[in-house]
Enquirer: 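This is the structure, below, for whatever I ask next.
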Amino acid sequence: MSTDRKDPERALSEREKMMRGLPYTIMNDPALISGRLRAAKYVKAFNDYPPVAYTPGMAAMESFGPDERVQILADLFEIPLEKARLLAIEAPFRCDYGTNIEFKGWAYMNYNVTILDCGKVTIGTGVAFGPSVQIYAATHSVKVEERRGGVGVAYPVTIGDDVWIGGSAILIGPCKIGNGVTVAAGAVVKGDFPDNVVVGGNPARILKHLDPPTISAAASYLPPGMSKP
């Protein structure tokens, strides 16, 4: 009898295990190595792209580069160029794979945002990141034997619409942040948080409840410097 029948998980690829929250081999799988090196190529190209020269009348989103630069993000995240034009990302930016990050709409990221997207990372519409925000969908075992064996686990991180994440905040999977949430600078966030609250601290807790906005990001939101056709 084959070992696959005894243990169905053995039939899964390491990437499939990673995306399902199962223990997987981090460093030695060819497909995962290829995926990380692919992302590293695009990340370096994006971060090394020279800044745009100012021209009178320039719209805010135009300052993030011509389509040649935006196309690098489109390739990194495997999204259409039109969708990549809604991303205002300051260099430097870092991620593991890029393909496991889903953007629902416009988003802004200040300098030095790092996303370890070993698990699915979903970013809602109208989300803004302060500098040095870190998202960790990846983690390791507390057992030394498992760490020595190169085994890791990944958990999803989901961020709702209209979320503001202060500088140096850390989001650790599994984590789900509701719509209209403000995350205080330096907070360490894990677990689920409801809509329209302020969270802060380490570990993060609810500091304040907020009134919901009158218009949601999902209903009608355009980034600064863009208008409806």
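Small disclaimer: the values here were computed from a predicted structure and weren't measured.
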Enquirer: For the CD1 atom of Ile159 and the CG atom of Asn179, what is their distance to the nearest 0.5 Å?
Expert: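 Output value for this atom pair is 11.5 Å.
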Enquirer: Do you know which two heavy atoms are closest between Gly119 and Ala154, and how far apart they sit?
Expert: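 Closest heavy-atom pair between Gly119 and Ala154: N-CB, 3.6 Å.
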Enquirer: Please test Asn100 against Val121 for side-chain contact (heavy atoms from CB on, under 4.5 Å), starting from the C-alpha separation and ending with a verdict.
Expert: CA-CA 6 Å; Asn100 298 329; Val121 175; over 6 Å; no
Enquirer: In the structure I gave you, are the side-chain heavy atoms of Cys118 and Thr139 within less than 4.5 Å of one another anywhere?
Expert: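 No, too far: nothing below the 4.5 Å cut-off.
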Enquirer: Report yes if the side chains of Val183 and Ile177 come closer than 4.5 Å at any heavy-atom pair, otherwise no.
Expert: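 Answer yes - side chains close enough.
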Enquirer: Give, for atom SG of Cys95 and atom CD1 of Ile101, the distance between the pair rounded to the nearest 0.5 Å.
Expert: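 These two atoms lie 4.5 Å from each other.
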Enquirer: Ring centroid separation for Phe129 and Tyr108, is it under 6.0 angstrom?
Expert: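 No.
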Enquirer: For residues Pro194 and Ile206, determine if any side-chain heavy atom of one lies less than 4.5 Å from a side-chain heavy atom of the other.
Expert: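 The answer is yes, as the side chains (C-beta and beyond) meet within the 4.5 Å cut-off.
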Enquirer: With a 4.0 Å cut-off, would you call Lys17 and Glu14 a salt bridge?
Expert: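 Judged by the 4.0 Å cut-off on N to carboxylate O distance, Lys17 and Glu14 do form a salt bridge.
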Enquirer: Grouping I, L, V, M, F, W and Y whenever their side-chain heavy atoms are under 4.5 Å apart, do Tyr42 and Phe77 come out in a common cluster?
Expert: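 They do share one cluster, since a chain of ILVMFWY contacts under 4.5 Å joins Tyr42 to Phe77.
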Enquirer: Heavy-atom distance under 4.5 Å between the side chains of Met109 and Phe93, does that happen here?
Expert: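 Yes; the side chains approach each other to less than 4.5 Å.
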Enquirer: Go through it in stages, so that I can follow the logic: the residues are Arg38 and Glu78, the test is salt bridge (Lys or Arg N to Asp or Glu O under 4.0 Å), and I'd like the CA-CA distance, side-chain angles, deciding distance and then a yes or no.
Expert: CA-CA 12 Å; Arg38 170 197 167 277; Glu78 291 190 346; 3.6 Å; yes
Enquirer: Taking all non-hydrogen atoms of both residues into account, name the closest pair between Trp164 and Ala128 and its distance.
Expert: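 Heavy atoms only, the tightest pair is CE3-O, 3.2 Å.
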Enquirer: Just jot down the salt bridge (charged side-chain N to carboxylate O under 4.0 Å, His left out) partners of Lys120, sequence neighbours excluded, or say none.
Expert: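 Applying salt bridge (charged side-chain N to carboxylate O under 4.0 Å, His left out) to Lys120 gives Glu102.
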Enquirer: For Ala184 versus Ala169, what's the shortest heavy-atom pair and its separation?
Expert: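 Taking Ala184 first and Ala169 second, the nearest heavy atoms are O-CB, 4.0 Å.
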Enquirer: Just wondering, more than 12 heavy atoms not from Arg205 lying within 6.0 Å of its CZ?
Expert: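 Check fails, neighbour count at 12 or below.
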Enquirer: How many angstroms lie between CZ in Phe46 and CG in Leu76, if you round to the nearest 0.5 Å?
Expert: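 So the gap between those two atoms works out to 9.0 Å.
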Enquirer: I'd like to know if Val157 and Val197 are part of one continuous hydrophobic network [Ile/Leu/Val/Met/Phe/Trp/Tyr, side-chain heavy atoms within less than 4.5 Å].
Expert: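 Val197 clusters together with Val157.
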Enquirer: Atom OG1 in Thr99, atom CD1 in Ile79: separation rounded to 0.5 Å?
Expert: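 Result: 12.0 Å between the selected atoms.
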Enquirer: Can you confirm whether Asp161 sits close enough to Val127 that some side-chain heavy atom of one is under 4.5 Å from a side-chain heavy atom of the other?
Expert: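 No, every pair of side-chain atoms sits at 4.5 Å or beyond.
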Enquirer: Do the side chains of Tyr97 and Met18 get nearer than 4.5 Å, heavy atoms only?
Expert: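 Yes; the side chains approach each other to less than 4.5 Å.
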Enquirer: With no hydrogens and no angle check, is any side-chain donor or acceptor of Gln71 less than 3.5 Å from a backbone partner on Glu68?
Expert: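 No, Gln71 side chain to Glu68 backbone: no donor-acceptor pair under 3.5 Å.
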Enquirer: Using atom types as modelled, flag every donor-acceptor pair under 3.5 Å from a side chain in residues 19-34 to any protein atom, sequence neighbours excluded.
Expert:
unit_1: Asp29; atom_1: OD2; unit_2: Ala31; atom_2: N; d: 3.3
unit_1: Asp29; atom_1: OD2; unit_2: Leu32; atom_2: N; d: 3.1

Enquirer: The criterion is salt bridge (charged side-chain N to carboxylate O under 4.0 Å, His left out); which residues satisfy it with Asp48, sequence neighbours excluded?
Expert: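 With sequence neighbours excluded, Asp48 shows a salt bridge (charged side-chain N to carboxylate O under 4.0 Å, His left out) to Lys44, given in chain and number order.
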Enquirer: Test of understanding: clusters of I, L, V, M, F, W, Y form through side-chain heavy atoms closer than 4.5 Å, transitively. Do Phe103 and Trp106 belong to the same one?
Expert: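 Different clusters.
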Enquirer: Is it true that a side-chain atom of Ser13 and a backbone atom of Glu16 form a donor plus acceptor pair closer than 3.5 Å?
Expert: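 Yes, Ser13 side chain to Glu16 backbone: donor-acceptor pair under 3.5 Å.
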Enquirer: Side chains of Leu116 and Ile135: closer than 4.5 Å at any heavy-atom pair?
Expert: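 Sidechains of Ile135 and Leu116: no contact.
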Enquirer: According to a 4.5 Å side-chain heavy-atom criterion applied to Ile, Leu, Val, Met, Phe, Trp and Tyr, with indirect links allowed, do Val151 and Leu12 form part of one hydrophobic cluster?
Expert: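 No, Val151 does not connect to Leu12 through the hydrophobic network.
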Enquirer: Does Gly98 offer a backbone N or O that forms a donor-acceptor pair with the side chain of Asp117 under 3.5 Å?
Expert: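 Pair found, side chain donor or acceptor close to backbone of Gly98.
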Enquirer: Between Arg85 and Val70 (side chain of the first, backbone of the second, donor and acceptor by atom type, cut-off under 3.5 Å), is there such a pair?
Expert: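 No, Arg85 side chain to Val70 backbone: no donor-acceptor pair under 3.5 Å.
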Enquirer: Specify the closest pair of heavy atoms between Ala91 and Asn47, including all atoms of both residues, with the distance to one decimal.
Expert: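 Taking every non-hydrogen atom into account, CB-OD1, 3.6 Å.
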Enquirer: Would you find more than 12 non-hydrogen atoms of other residues, nucleotides or ligands less than 6.0 Å from Lys83 atom NZ?
Expert: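 Correct, the count exceeds 12.
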Enquirer: Check Ile89 against Arg69 and note the closest heavy-atom contact, atom names and distance.
Expert: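 Answer, listing the atom of Ile89 first, then Arg69: O-NH1, 4.1 Å.
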Enquirer: Counting C-beta onward and ignoring hydrogens, is there a side-chain heavy-atom pair between Val189 and Ile172 closer than 4.5 Å?
Expert: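 Not touching, per the 4.5 Å side-chain cut-off.
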Enquirer: Write down the atom of Asn196, the atom of Pro212, and the distance for their closest heavy-atom approach.
Expert: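 Shortest heavy-atom contact: ND2-CB, 3.5 Å.
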Enquirer: Please say yes or no: joined through hydrophobic side-chain contacts below 4.5 Å, possibly via intermediate residues, are Val163 and Phe193 part of one cluster?
Expert: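 Yes, it is one cluster - the side chains of Val163 and Phe193 are joined through contacts under 4.5 Å.
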Enquirer: Which residue in the set Ile123, Val133, Asp96 passes side-chain contact (heavy atoms from CB on, under 4.5 Å) when paired with Ile115?
Expert: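 When side-chain contact (heavy atoms from CB on, under 4.5 Å) is applied between Ile115 and each of Ile123, Val133, Asp96, only Ile123 qualifies.
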Enquirer: If you round to the nearest 0.5 Å, how far is CG of Leu171 from CD of Gln134?
Expert: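 The CD atom of Gln134 sits 10.0 Å away from the CG atom of Leu171.
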Enquirer: First locate atom CG of Asp192, then atom SG of Cys175, and finally report the distance between them rounded to the nearest 0.5 Å.
Expert: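 It comes to 7.5 Å.
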